[in-house]
Amino acid sequence: MALGKRLGRNPRDVAAEILEAVDLTGVARDVEVAGPGFLNVTLEATFLADLAGETWADERLGLEPDAASQRLVIDYSAPNVAKEMHVGHLRSTVIGDALARIHRRLGHEVVPENHVGDWGTPFGMLIEHLVDVGEDAAVAELSVGDLNRFYQDARASFDASDGFKERARERVVRLQAGDAETVRLWRVLVDQSAAYFQVVYDRLGVLLTPDDIVGESFYNDALPGVVDDLRALGLLTLDDGAECVFPPGFTGRDGSPQPMIVRNRNGGYGYAATDLATIRHRVDDTHADRILYVVGAPQRDHLAMVFAVARLAGWLPDGVTAEHVQFGNVLGADGKMFKTRSGASVRLVDLLDEAVARAEAAISERNPDLVGDERAAVARAVGIGAVKYADLASDRVKDYVFDFDRMLAFEGSTGPYLQYAHARIRSIFRRGEVDPAALDVGAVVVGEPQERALVLALLGFPAAVRHAAETSHPHRLCGYLFDLAQTFTSFYEACPVLRADDEATRAGRLVLCDLTARTLSAGLDLLGIEAPERM
RNA sequence: GCCCUCUUAGCUCAGCGGAUAGAGCAUCGGCCUCCGGAGCCGUGUGCGCAGGUUCGAGUCCUGCAGAGGGCGCCA
């Protein structure tokens, strides 16, 4: 029909001509023109069976790397030094991790960058607080992850004492001047925080490592150059004492041009300057072909302006794309921003602990045979998987409601449902004492409608992954996996496997079972979710 | 005031310009001595409102309403 439009002809006539011209012997049993110009193709059972066999024999499950390998910088997670990781960091971390895995799988070189907040005026206050409580005590506090308390105590001192306030101000100046002792103390905060972040990342099962941290401070030395070069390009305007760029097309209050302040009237550099320096670094030094910013929706205007200015300045050439992979808020049951009852932000580790505890309770009840370390490991996989899947499964642009009961349900589009579907298939092989490796490529037979439906679903894996990658929408992959699991369940209901009527049928169905399990496992892995063998 | 995002079934959500808009949960009704019932099959209800573009609009455009967010020296 798209072709008909391009040719300016009746879609049905075009379809009929195509039907005449193609020879689908061995591929399709039947092709017919339908509706406004669809071609309904009924594939030959043997053709489908062969494809299923080939896919089963393929390590990559039919998913070929993209023709042209790109270098992608993915900017995600970005917690703040000496501040607790909370639900606000969940989405960026989980979505960024999934995108990193997906693009790697497609053969691209992924450079994860964790743009942690390790610079700015709060560090005067934080360092003075560090001095007050003593280095050892501070390290002890930070290393156990009590970042909230550290930050809040510092804040309290700052608010309560003018003397402290003054010390904090002076400390910022010394930090910016590169005073050795101050920088050393700052480094203590950064290192302790990084160690804590890693504990959270490991628990969450994301691939980020300390090596991926490229904090704001990394760009300090590049900031004067950003301003100088903008000035040399004639893009800089002095406005009310601040050095600004006014990119065309951006308006603020009252429809007046919207400034992007790169340097404030006190000579300090804003985060816009840092973001521009970051782009230059990613293009000039990292040689990125594509840059993804996995950052919340509120930053939309800011990032659009940064990209626009970077284009104006020529720092973001035509061949390089910068995309804002925006996402909505995590909401509580009341439909408002997810907070604790007292109104504080929820610590990410607390959230994960509760998910794992709930998962363990559910597993203990349902499968009492699972005990000890294995039960703990499965509970971790299920609890964390539930949280991650819930975050990835709906369109990231929208807000979603955080609900333990729903995300940990074994019914519906949830992590546990998919993990269970996988474990259940694996159990077929244990029960039947069948080694999947010993199966035969040519065994698949497509007879029953449920077998046909399952094979068609299995063959859709590569397209689902590609689609998720192209649009930076992991929820497309979630939807695919859920559909696959449901299709499998219908198949399994209608088609006996271990008790199949004859050996040939049994062998063919076992191949489909194994292929399904591997596809589910691979798909979950691309989402950063484990697929336990039993649960 | 300007700008952005969102609004699909009772609830939570899919839906990529194409056919009669789909899932899950909940409801109701069936099935199966079932290889893990955490199942299968069926059942009813819906695109916020009004225009426009198109052979064709939940999808694109405009306006309106509601919700959330952003808009000069924090990041």
Side-chain angles (χ1 to χ4, degrees), chain A residues 1-2 4-5 10-12 34-38 40 78 80 115 117 119-122 216 239-244 249-272 274-275 296-302 304-305 326-329 331 335-337 362 366-367 369 390 393-395 397-401 403 405-407 409-414 416-417 419-421 423-432 450 463 467 470-471 473 475-476 478-480 482-483 486 489-500 506 509 513 534-535:
Chain A
M1 286 177 292
K5 186 163 203 162
N10 183 327
R12 271 193 77 96
F38 291 100
N40 283 345
N80 293 308
H115 196 76
W119 202 253
T121 46
E216 289 165 7
D239 193 277
D240 203 11
E243 304 206 71
C244 310
F250 292 87
T251 53
R253 288 182 215 280
D254 310 323
S256 57
Q258 167 86 3
M260 189 180 82
I261 297 172
V262 288
R263 197 176 192 199
N264 67 31
R265 71 162 71 98
N266 300 322
Y269 298 97
Y271 72 135
T274 308
D275 285 343
Q299 303 248 32
R300 187 190 166 94
D301 291 351
H302 165 69
M305 204 152 29
Q326 63 172 333
F327 53 85
N329 294 315
L331 306 179
K336 298 189 176 151
M337 292 284 284
R366 292 177 156 103
N367 190 355
D369 296 340
S394 65
D395 184 348
V397 174
K398 300 181 186 177
D399 298 345
Y400 79 95
V401 176
D403 180 345
D405 290 332
R406 203 168 59 245
M407 69 179 67
F410 287 74
E411 307 90 30
S413 186
T414 69
Y417 173 83
Q419 288 169 321
Y420 175 69
R424 188 179 173 193
I425 299 169
R426 287 290 178 228
S427 84
I428 296 169
F429 289 87
R430 283 193 297 272
R431 170 71 63 106
Q450 290 87 354
H467 199 195
E470 282 159 13
T471 61
H473 269 133
H475 81 286
R476 312 263 199 209
C478 295
Y480 166 78
F482 179 59
D483 180 63
Q486 287 197 119
T489 319
S490 296
F491 156 83
Y492 196 55
E493 183 77 11
C495 304
V497 177
L498 293 175
R499 299 175 183 182
R506 184 176 188 264
R509 287 177 181 170
C513 287
R534 72 182 88 222
M535 56 189 279

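Owing to the predicted nature of the structure, the values given are computational and were not obtained by experimental measurement.
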Check your understanding: How is A:Ala500 classified with respect to the nucleic acid when contacts are heavy atoms under 4.0 Å: base, sugar-phosphate, or nothing?
Key -> nothing

Check your understanding: Heavy atoms under 4.0 Å, any strand shown: does A:Cys495 hit a base, just sugar-phosphate, or nothing?
Key -> base

**Study point:** Inter-residue atom distance A:Arg12.CZ - A:Met1.CE, 0.5 Å rounding
**Key:** 11.0 Å

Practice item. Could you give the distance separating B:U59 and B:A50 at their P atoms, to the nearest angstrom? Key: 13 Å

Check your understanding: If we take the C1' atom in both B:U7 and B:G42, what is their distance in whole Å?
Key -> 31 Å

Point to revise | Partners meeting side chain to side chain donor-acceptor pair (under 3.5 Å) with A:Asp405 (sequence neighbours left out) | key: A:Arg358

Review point. Think A:Arg499 has a side-chain N or O under 4.0 angstrom from the OP1 or OP2 of B:C35?
Key: yes

Review point. What pattern of brackets, bars and dots sums up RNA chain B from 5' to 3', given Watson-Crick or G-U wobble pairs under 3.5 Å, [ ] for crossing pairs and | for another strand?
Key: (((((((..((((....[...))))..(((((....).)))).....(((((..]....))))))))))))....

Practice item. For nucleotides B:U8 and B:A67, find the distance between their P atoms and express it as a whole number of Å. Key: 15 Å

Nucleotide N/O to protein N/O under 3.5 Å, stretch nucleotides 41-46 of chain B:
residue: B:C41; atom: OP1; partner: A:Ser490; partner atom: OG; Å: 3.1

Revision key, fill the gap. B/S/- along nucleotides 69-75 of chain B (protein heavy atoms under 4.0 Å) is SSBBB-B

Practice item. Please name all residues satisfying side chain to side chain donor-acceptor pair (under 3.5 Å) with A:Asn40, sequence neighbours left out, ordered by chain then number. Key: none

Point to revise | With A:Tyr269 via ring-ring contact (aromatic ring centres under 6.0 Å, His included) - residues at least two apart | key: none

**Study point:** Whole-angstrom distance between B:C6 and B:C60, as gauged at atom P
**Key:** 9 Å

Revision key, fill the gap. The residue, A:Phe410 or A:Leu498, whose nearest nucleotide of RNA chain B is more 5′ is A:Leu498

Review point. When rounded to the nearest Å, what value does the distance between P atoms of B:C11 and B:G46 take?
Key: 13 Å

**Study point:** Heavy-atom protein contacts under 4.0 Å, nucleotides 17-23 of chain B, coded B base, S sugar-phosphate only, - none
**Key:** -BB---S

Review point. Does A:His473 put a side-chain nitrogen or oxygen below 4.0 Å from OP1 or OP2 of B:A14?
Key: no

Study note, to complete from the structure: On a heavy-atom basis, the closest approach of A:Asp239 and A:Cys244 is CB-SG, 4.1 Å

Exercise for review: Sticking with atom C1', work out how far B:G17 lies from B:A75, rounded to a whole angstrom.
Suggested key: 40 Å

Check your understanding: How long is the line joining CG of A:Asp399 and C1' of B:C13, in whole Å?
Key -> 13 Å

Check your understanding: Taking the C1' atom of each, how far is B:A19 from B:G15, in whole Å?
Key -> 14 Å

Review point. Under the 3.5 Å rule, do the base of B:G36 and the side chain of A:Ser427 count as making a donor-acceptor pair?
Key: yes

What are the atom names and distances for every N/O pair under 3.5 Å that joins the protein to nucleotides 5-11 of chain B?
residue: B:U7; atom: OP1; partner: A:Lys398; partner atom: NZ; Å: 2.7

Study note, to complete from the structure: Sequence neighbours excluded, the answer for side chain to side chain donor-acceptor pair (under 3.5 Å) partners of A:Tyr271 is A:His302

Review point. Base, sugar-phosphate, or nothing for A:Tyr400, non-hydrogen atoms under 4.0 angstrom?
Key: sugar-phosphate

Exercise for review: Look at the side-chain N and O atoms of A:Arg476 and state whether any lies under 4.0 Å from the OP1 or OP2 oxygen of B:A14.
Suggested key: no

Report, one pair per line, the protein and nucleotides 61-63 of chain B atoms (nitrogen or oxygen only) whose separation is under 3.5 Å.
none

Point to revise | C1' gap between B:G22 and B:G44, integer Å | key: 15 Å

Practice item. Select base, sugar-phosphate, or nothing to describe what A:Arg12 touches, counting heavy atoms under 4.0 Å on all strands. Key: nothing

Point to revise | Set of residues satisfying ring-ring contact (aromatic ring centres under 6.0 Å, His included) with respect to A:Phe327, sequence neighbours excluded | key: none

Point to revise | side chain to side chain donor-acceptor pair (under 3.5 Å) partners for A:Tyr400, two or more places apart | key: A:Asp391

